[in-house]
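Each chain gets a letter, A, B and so on, in the order the sequences are listed, and its residues count up from 1. What you see is a predicted model, and the numbers here were worked out from it, not measured in a lab.
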Amino acid sequence: MIRGISLRVNGVAYNLHIQDHWTLLDVLRAHLGLTGAKKGCDSGVCGACSVHIDGGLALACLTLAAECEGCEVTTVEGLARSPHELHPLQASFVFYGATQCGICTPGMLMAAKALYDRDPRPTREAIHDAVGGNICRCTGYAKIVRAIEHAHVFEASRLLDPKALMQAQGEEAELLAEESR
Amino acid sequence: MTTAIRKRLPRNDALQKVTGDAQYADDIYLPGMLYGKLLRSPHAHARILDIDTERALALPGVRAVVCGIDTSGIKYGTVPDEQGLAIDKVRFIGDEVAAVAAVDEETAEEALALIDVAYEILPSVHDPLLAMQEGAPVIHEASAHIYDAARNISRRTHLAYGNVEAGFAQADYVFEHTFETQMVNHATIEPHSAVAQYDPGGKITLYSSCQTPFLIRSDLAATLQMPLTRVRVVKPRVGGGFGGKREMMASDFSAAVLAMKTGRPVKVTYTREEALATTRQRHPTRISLRTGVTRGGRVVAKECHMIMENGAYNGRGPDILGSCPNYLTVLYRTPNIHFDGYLVYTNNPPGSAFRGFGNPQIRFADDSQMDIIAAELGIDPVELRHLNVREAGDVTPNKAIITSCGLRECVEEVDRATDFRNRWGKLPFGQGVGLACGHHTCGFKSLLPHDSSAAVVKLNDDGTANVLTGASDVGQGSDTALGMIAAEELGIPFHRIEMTTADTEVTPMDLGSYASRVTFIAGHAVRLAAADAKSQLLEAAADLLRTPPQDLVSENGVICSLEHPERSALVEEAIQHHLAHGPGSPILGRGAYNAPTDRLNRETGEGNTSPAYSFGAQVAEVKVDPETGRVRVIRMTSAIDCGVPLNPTAIEGQVEGSVAGGMGQALLESFSQHEGLILNPSLLEYRVPLAGEMPDMDTIIVETEEKEGPFGAKGVGEFVQIPTAAAIANAVYDAIGVRIHDLPITPDKILAALSKKGVGT
Ligand code: FES
Ligand code: FES
């Protein structure tokens with residue numbers, strides 16, 4: 001059955017006509033052009049589709065779009081604070097080499113953000129828990145864990161500017177890394 | 001000071017990946033695009049008698065149905081035995097029978113159920129030992145490519161080096177063991193996906209999640225009977241490969257055929273279940289290893305019998321089997337070797353390339369046995385390695401030339417870092433340490449008579465550069481490594497390099513991401529292209545600064561005279577000068593490299609098929625709970641020789657990912673199968689390591705300088721995963737005194753072995 005819903009995604013309001021059985025993931029990807037959330041399993045196992053719904057972590061592949069009536073959805077595309085200011089987790093992922101193929105990265109970031117919002121200086125155990133539902137086949141997780149651990153260091157840093165971050169090398173970056181230890 | 005190399009630079013695609021901008025094949029939505037789905041065989045072995053597509057075609061929303069008979073039927077592959085869509089026979093559960101394009105995925109799926117296929121079910125065989133017996137069901141008809149079709153033997157590799165008999169005669173002890181390794185899947189988090197677009201002028205553009213766009217172009221052009229110019233393969237971002245995306249898949253072929261038939265773009269993305277159960281797997285093996293050693297611990301002879309289960313199709317199987325003797329000859333000095341291997345068809349999912357290309361299987365057997373030998377001879381495992389390790393300057397019995405080799409130092413380093421010798425055999429029951437070594441190639445000349453790559457470097461008038469290379473970044477970071485090589489050679493900052501890669505129409509050719517070849521071979525091509533551009537740049541600067549070009553260096557964006565340091569110019573000034581006063585063309589550098597290696601001689605197994613070899617040693621520290629049989633890897637220390645480390649962060653990333661992959665195979669990953677049916681095609685039940693299960697990981701870089709490598713670098717993509725399973729198995733033995741000879745090392749195997757030994761509950 002087709003129904004109309006309204007929801008906000010990354011701060012933008014949408015009125016959509018959807019089928020009852022469509023998942024939020026398919027609606028985001030195929031209908032809204034937001035392909036940041038990935039489909040790694042479509043069955044709630046890999047975490048690649050993680051998004052936030054009303055501030056809480058959710059798997060978009062297990063969420064029906066119809067359930068999102070009136071909700072505020074945030075995807076990885078909405079994680080940066082502005083086009084010129086990354087979220088500290090994003091900067092940290094870039095800096096520590098926490099992304100390889102990158103297919104798990106959006107989900108990892110959203111899972112990490114749920115933790116960061118509660119506790120920006122988490123323990124390793126808390127990090128393992130927070131990303132326990134996110135599979136990465138490339139990194140062995142070490143750099144992901146490290147990036148989450150040290151993300152807070154990037155708060156208010158010049159390196160939240162994507163351009164500065166990509167050009168960061170040598171002393172400045174090393175200094176930051178030092179600070180974070 | 002270097003401009004780029006040796007620095008922990010951020011990946012040049014990282015920003016796109018953390019913002020969700022990176023575009024993968026399944027992220028591509030084209031106007032008017034249709035969705036394709038594949039009908040797969042429910043039978044392990046059957047003849048296709050008839051396919052009736054009428055009901056499917058009548059379903060509203062269905063735009064096309066294609067069966068094998070509608071296609072050329074041309075077989076493809078290294079040793080061709082596979083069709084894009086099956087025509088006469090299906091050979092495993094999941095074999096592709098037909099493809100549907102419809103307006104949405106649901107309609108396409110619905111249509112699959114409406115295709116009526118009449119099968120004649122044939123007896124099937126699922127165990128390679130049974131498949132090799134007379135009278136077993138014959139899976140492939142006899143052909144020139146197949147060693148013995150009646151016994152389902154696709155390939156036999158039977159070789160000997162040195163004098164094996166005399167070698168064993170010198171041995172004081174002979175050890176003989178059999179090991180088994182299981183089928184495992186790449187389980188990349190991105191399932192295979194392809195989007196094809198057909199232009200009525202007769203040209204296919206395929207966006208494919210692949211590692212080898214140029215090879216896929218060849219296979220696609222051959223099977224579609226089109227010239228290479230009419231087939232364009234573009235690799236978008238790829239969500240992991242590990243060998244599982246290095247061949248043309250039915251998704252690629254079907255998307256192309258459906259696009260041609262409908263005139264509309266068609267996307268075919270596999271489900272997780274399809275990716276796990278119907279693509280490619282690491283070959284299961286059974287390896288019997290007989291090793292002769294002297295009392296002092298020198299390996300003098302080795303005999304290896306290997307049964308490698310091919311599954312239903314060859315994939316890269318013949319080349320993998322052909323590489324296996326190499327894996328025994330290169331790592332340890334073994335003068336006399338006899339290898340007899342069989343690649344055996346079964347009606348199980350096809351095996352093929354997977355990080356290590358047969359090497360992890362051989363290494364699990366050989367390094368497990370080394371550990372047994374060490375204990376039996378009373379020589380500690382470190383010492384035993386020292387007595388046998390390969391050294392730079394060696395030529396192996398099958399003529400591999402070892403130009404650089406830090407293996408001895410790697411063994412020393414892991415020993416030092418973990419205090420191995422003082423702890424091995426001395427830790428309390430339930431705790432153990434295990435050592436293993438590994439090596440791998442930096443390219444492999446076998447498939448084709450060349451192992452090539454080419455690159456173009458274009459300098460822009462603002463001092464930036466575009467690098468064009470066919471090399472395929474599938475997540476390992478080759479775009480970054482190659483960009484750094486260009487930056488270093490040109491002497492301009494890395495962030496000024498823009499990479500355009502892996503598009504068969506736009507970029508120069510590269511064979512793809514496999515055999516740990518990209519840094520080495522594509523890196524060489526990029527370096528030469530950059531050097532060509534730089535020589536033109538320095539010519540222009542020489543003219544500008546009135547000093548000979550030999551007197552100039554380019555570093556960090558500045559060109560400076562050595563003799564008159566006060567004379568300098570920015571790179572962009574030199575480029576602008578070239579434009580204003582040169583021949584009317586911007587600076588364009590070209591480079592190409594064909595590794596100076598030998599093509600594998602399939603008869604003798606001889607030849608230096610790789611331009612260099614990377615080496616490493618690994619120590620696993622484990623805890624085994626004798627109550628539950630559960631193994632936890634606490635720490636994994638890897639010492640690696642990958643030549644000059646171009647980007648330490650990227651290298652550690654490869655090491656850590658390899659440890660995860662190796663640990664997965666050692667402890668967790670396995671399929672339950674019933675007569676060819678995979679019972680656990682989901683990531684819930686096919687368990688891969690999670691964050692909380694990972695050990696602490698230390699990476700020690702043992703630097704060597706490989707003369708042939710770009711800036712002295714060697715490959716790092718595969719060799720670290722190769723020793724991991726043996727290191728863990730050896731540590732388990734050290735912890736509880738039981739040796740598991742077949743992977744994975746599961747709690748039930750441990751408990752059974754303990755109770756057999758009379759230990760535990
Ligand atoms: S796609 Fe949603 S959990 Fe895997
Ligand atoms: S970076 Fe590839 S799956 Fe995580």
Check your understanding: NZ/A:Lys143 to CD/B:Glu652 distance, rounded to the nearest 0.5 angstrom?
Key -> 3.5 Å

Point to revise | Flag, side chain of B:Arg272 to backbone of A:Gly40, donor-acceptor distance under 3.5 Å | key: yes

Review point. Between A:Arg137 and B:Glu656, is there a salt bridge with N-O shorter than 4.0 Å?
Key: no

Exercise for review: Please flag which part of A:Ala98 lies under 4.5 Å from any non-hydrogen atom of chain B: side chain, backbone, both or neither.
Suggested key: neither

Point to revise | Any A:Thr35 side-chain heavy atom under 4.5 Å of B:Tyr29 side chain | key: yes

Revision key, fill the gap. To the nearest 0.5 Å, atom CG of B:Asp13 lies from atom OG1 of A:Thr99 at 7.0 Å

Revision key, fill the gap. Applying a strict 4.5 Å limit to non-hydrogen atoms, the region of A:Ser43 in contact with chain B is neither

Study note, to complete from the structure: In this structure, CZ of B:Arg237 is separated from CD1 of A:Ile103 (nearest 0.5 Å) by 11.5 Å

Review point. Which value, rounded to the nearest 0.5 Å, describes the distance between B:His495 atom NE2 and A:Met166 atom CE?
Key: 10.0 Å

Review point. Can any side-chain N or O of A:Glu77 pair as donor or acceptor with the backbone N or O of B:Thr19 at less than 3.5 Å?
Key: no

Check your understanding: Can A:Arg29 and B:Asp26 be counted as an ion pair, charged N to O under 4.0 angstrom?
Key -> yes

Exercise for review: Please look at B:Arg11 and chain A and tell me whether the side chain, the backbone, both or neither of the residue comes under 4.5 angstrom of a heavy atom of that chain.
Suggested key: both

Review point. Where on B:Glu106 is there a heavy atom nearer than 4.5 Å to chain A: the side chain, the backbone, both, or neither?
Key: side chain

Practice item. Measure B:Ala22 against the heavy atoms of chain A and call it side chain, backbone, both or neither at under 4.5 Å. Key: backbone

**Study point:** B:Val474, part contacting chain A, at a heavy-atom distance under 4.5 Å
**Key:** backbone

